[in-house]
Amino acid sequence: MRQVVIFGATSSIAIETARLMALAGDKLFLVGRDRKKLEVLEVDLRARGAAVVASAAADLNDMARHEELFQFAERSLGSIDTVLVAHGTLPDQKACEKSWKLAEQQIRTNFLSAASIAS
């Protein structure tokens with residue numbers, strides 16, 4: 001049984017991965033922006049056999065919260081042995097080339113927040 005934290009838990013790939021983990025009886029802690037989607041997913045994963053399912057709603061661009069989220073996850077799961085980062089955006093490349101502000105926002109979401117989670 002794994003103790004898994006999933007960042008970006010309401011993305012399509014994260015949902016399908018979490019469903020497979022639930023079938024294996026894993027303990028899951030979900031992090032996503034949309035509280036209602038997280039609640040629906042929690043019910044689904046419990047029905048599929050997850051040993052534990054807990055969640056927290058958060059904007060992962062708020063990197064000051066990452067440590068708090070890990071601490072909450074560890075309290076919920078007992079320990080953490082797997083982390084899945086499945087959040088990010090697919091920006092318009094041409095628009096990013098023309099706008100530093102847009103490019104910076106994408107770098108923050110797709111690189112800096114993931115690096116913060118990994119650290």
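As the structure is a prediction and not an experimental result, all values here were calculated from the model.
- Contacts classified as salt bridge (charged side-chain N to carboxylate O under 4.0 Å, His left out) and involving residues 55-69 (residues at least two apart or in different chains) are given here: R65-E68.
- In terms of heavy-atom proximity, H87 sits nearest to G8 at CB-CA, 3.6 Å.
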Legend entry - Trace of the salt bridge (charged side-chain N to carboxylate O under 4.0 Å, His left out) decision for R19 with E16: CA-CA 5 Å; R19 286 176 173 163; E16 293 306 317; 2.9 Å; yes
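- Taking Ile, Leu, Val, Met, Phe, Trp and Tyr as members and joining any whose side-chain heavy atoms lie under 4.5 Å apart, directly or through other members, the hydrophobic cluster of L41 also contains V4, I6, I15, M21, L28, L30, L38, L45, V53, L84.
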Legend entry - Full working for side-chain contact (heavy atoms from CB on, under 4.5 Å) between R33 and T10: CA-CA 8 Å; R33 284 180 298 192; T10 58; over 6 Å; no
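- Through chains of ILVMFWY side-chain contacts below 4.5 Å, L77 is grouped with V5, F7, F29, V31, V52, L60, L69, F70, F72, I80, V83, V85, I117.
- Between R2 and D26 a salt bridge is recorded (basic side-chain N to carboxylate O distance below 4.0 Å).
- Side chain of N61 to backbone of S113: no donor-acceptor contact under 3.5 angstrom is found.
- Considering every non-hydrogen atom in both A86 and S11, the closest pair reads O-OG, 3.2 Å.
- With values rounded to the nearest 0.5 angstrom, N110 atom CG is found 9.5 Å from Q105 atom CD.
- Residues passing the side chain to side chain donor-acceptor pair (under 3.5 Å) test with D92: none are found, sequence neighbours excluded.
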Side-chain atoms of residues 93-101: list all donor-acceptor pairs with protein atoms under 3.5 Å, sequence neighbours left out, distances to 0.1 Å.
| residue | atom | partner | partner atom | Å |
| --- | --- | --- | --- | --- |
| Q93 | NE2 | E97 | OE2 | 3.1 |
| S99 | OG | L102 | N | 3.1 |

Inset, instruction - Tell me, with the steps shown, if R35 and S55 meet side-chain contact (heavy atoms from CB on, under 4.5 Å). - result: CA-CA 9 Å; R35 165 59 44 210; S55 68; 2.9 Å; yes
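- A donor-acceptor pair under 3.5 Å is formed between the side chain of S119 and the backbone N or O of S116.
- For R108 and E104, the salt-bridge test fails: no basic side-chain N is under 4.0 Å from an acidic carboxylate O.
- Its side chain outside the 4.5 Å cluster rule for every partner, I13 clusters with none of the Ile, Leu, Val, Met, Phe, Trp and Tyr residues.
- Put simply, the side chain of S76 does not reach to within 4.5 Å of the side chain of K27, judged on heavy atoms.
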